[in-house]
Amino acid sequence: MTGAQAGDRQLTVQSADLLKEIEAHSGELVRRCFQCDRCATGCPMVSYMQHTPNELFRLIQLGAREAVLSSNAFWFCVSCYTCSVRCPNDIDIAHVMDTLRELSLREGFAPALPQARDFHQIFLGCVRRGGRVSELELMARYNLKLKKPFARAALGWELLRKRRLELWPRRGRPKAGEGERSRRSLVMCFYPGCTLSSSARPYQRSLDWVWERLGIEIEELPGWTCCGATSAHALNRDLAYALPARNLAIAQELGSDLLVACSACYSRLKITQKALENPQTRERISRAIERPLDGRVQIKNILEVLSEHAPRIQKEKIKALEGLKVACYYGCLATRIPRVTGFDDREHPTMMERLVLAAGATAVEWPAKTSCCGASFSVISEEIALKMCSQILEMARRCRADVLVTSCPFCQYNLDWAQWTLSRKDGREPTIPVLFITQLVGLALGGSEKDLMLNSHLVGSEKITCRTQPTVNTR
Ligand code: SF4
Ligand code: SF4
Ligand code: SF4
């Protein structure tokens with residue numbers, strides 16, 4: 001055997017090892033990648049990455065372990081799933097990015113973004129201690145880790161003033177079996193996620209108001225705990241399945257479907273349910289959470305449930321929003337769930353537009369409705385998140401939208417925060433209020449500013465409320 005042949009053989013063995021390891025851990029067939037480049041073309045973070053997703057996959061196929069695991073690419077991945085749903089070979093690329101991050105840390109490679117690792121570890125520490133995440137505790141611990149105890153103090157004060165930070169969070173970890181097993185059967189339980197009692201309190205308030213106005217009875221899932229959000233799947237695959245699975249198991253015991261408002265929670269619950277279709281995964285996770293899992297719980301997004309009531313909203317609206325130009329912003333997580341269909345369209349959804357029309361306003365056509373706002377980076381890298389938000393806001397302005405409407409608490413906060421921050425940095429006037437869809441629907445149904453907490457956003461919504469007029473359809 002010549003030296004070159006021996007070298008070739010070594011390379012083949014090495015490449016098979018790395019490829020097998022990554023495929024076994026992620027369950028994704030990276031070998032299928034044929035370098036079509038679609039993942040790189042749609043990736044919003046590609047300019048920060050040393051290797052584009054497809055370059056990284058080529059290196060995996062070649063077995064270049066060191067180059068792959070020391071790359072910064074997976075640290076700069078914002079988990080928007082754009083690549084995963086566009087790959088013609090059905091590779092969940094975002095999930096492979098998670099696998100690479102996990103392997104890289106396990107093998108002792110220095111993280112390219114140490115603050116990202118720190119943030120995720122602190123987040124998971126909060127979940128471990130309390131079952132749910134208090135945003136105030138999370139930020140305080142993260143600031144201490146960075147040795148900047150007063151970082152974002154002005155923002156914190158502003159959020160407290162607007163009643164969007166919870167000083168004494170509700171804890172979610174029940175004692176074994178407490179509460180949930182003794183409950184009667186429920187048709188639909190609501191999974192609020194951690195933000196709805198804190199930075200997204202206006203969402204919870206307007207949601208409660210709209211349910212009551214429409215006569216819909218929904219109860220909170222008893223003993224729910226955090227779904228793990230980005231932090232769990234960024235660092236630990238099984239934890240990322242176990243945390244949502246625990247909530248699915250509670251709903252299963254109650255014989256109830258699950259209504260979810262937060263797009264991040266919705267995405268984690270749906271992804272987990274899909275993963276649990278694999279019998280080995282289901283068995284492993286079921287053992288970890290010590291509860292049976294049958295995969296039958298229906299997970300519904302808030303937009304689906306509200307859409308079922310669109311004809312009533314249209315008929316019973318008592319305030320005219322005529323002429324109000326609304327840009328519907330879905331963000332990246334609600335519609336792009338790999339291998340899960342169900343939303344009306346991944347790239348061009350229209351469910352929210354139909355609700356806006358039912359509420360009497362005008363939905364503008366615009367191209368950024370599923371772009372990623374970089375919410376998972378708003379703490380880790382303010383600069384990146386501001387840049388991503390600015391592009392979306394600029395597009396909304398160019399399309400002459402009066403208001404942005406979303407169903408995701410992270411998107412709402414991020415786009416609101418970005419305008420507030422930019423106005424403090426360079427005096428740019430914040431121009432586009434960002435409302436929750438339930439606030440817009442509530443406004444049309446006659447809710448007051450107070451009912452819907454319309455004055456609690458960082459960008460004021462006066463220019464909307466002063467335009468709404470009673471219609472002839474008064475109750
Ligand atoms: S989209 Fe899929 S097949 Fe195409 S380059 Fe990316 S990973 Fe490979
Ligand atoms: S998930 Fe989004 S950020 Fe990550 S590689 Fe794919 S497209 Fe890029
Ligand atoms: S993703 Fe959902 S449950 Fe999880 S931290 Fe956010 S709000 Fe909490």
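First listed ligand is number 1; within each ligand, the first listed atom is number 1.
- Using a 4.0 Å cut-off between a side-chain N of Lys or Arg and a carboxylate O of Asp or Glu, Lys369 and Glu353 qualify as a salt bridge.
- Remark: side-chain polar atoms of Gln252 are paired, donor with acceptor, to backbone N or O of Asp294 under 3.5 angstrom.
- Note on ligand 2: Ile93 sits outside its first shell, no heavy atom being nearer than 4.0 Å.
- Excluding waters, the set of protein N, O or S atoms lying under 2.8 Å from atom 4 (Fe) of ligand 1 comprises Cys36 SG.
- Under 4.0 angstrom from ligand 2, the non-hydrogen atoms of Tyr81 all belong to its backbone.
- Using a 4.0 Å cut-off between charged nitrogen and carboxylate oxygen, Asp118 and Arg141 do not count as a salt-bridge pair.
- In this structure, atom 2 (Fe) of ligand 2 lies nearest to the protein heavy atom Cys80 SG, 2.3 Å.
- The aromatic rings of Trp417 and Tyr413 lie parallel to each other, their planes meeting at an angle below 30°, with 60° marking the opposite boundary.
- Salt bridge Lys274/Glu277: present, at least one basic N to carboxylate O contact under 4.0 Å.
- Within ligand 2, counting atoms from 1 as listed, the ones closer than 4.0 Å to a heavy atom of Val78 are 3 (S), 4 (Fe).
- Counting atoms of ligand 2 from 1 in the listed order, those under 4.0 Å from a heavy atom of Ala94 are 1 (S).
- A salt bridge links Arg31 with Glu23: the closest approach of a Lys/Arg side-chain nitrogen to an acidic carboxylate oxygen falls below 4.0 angstrom.
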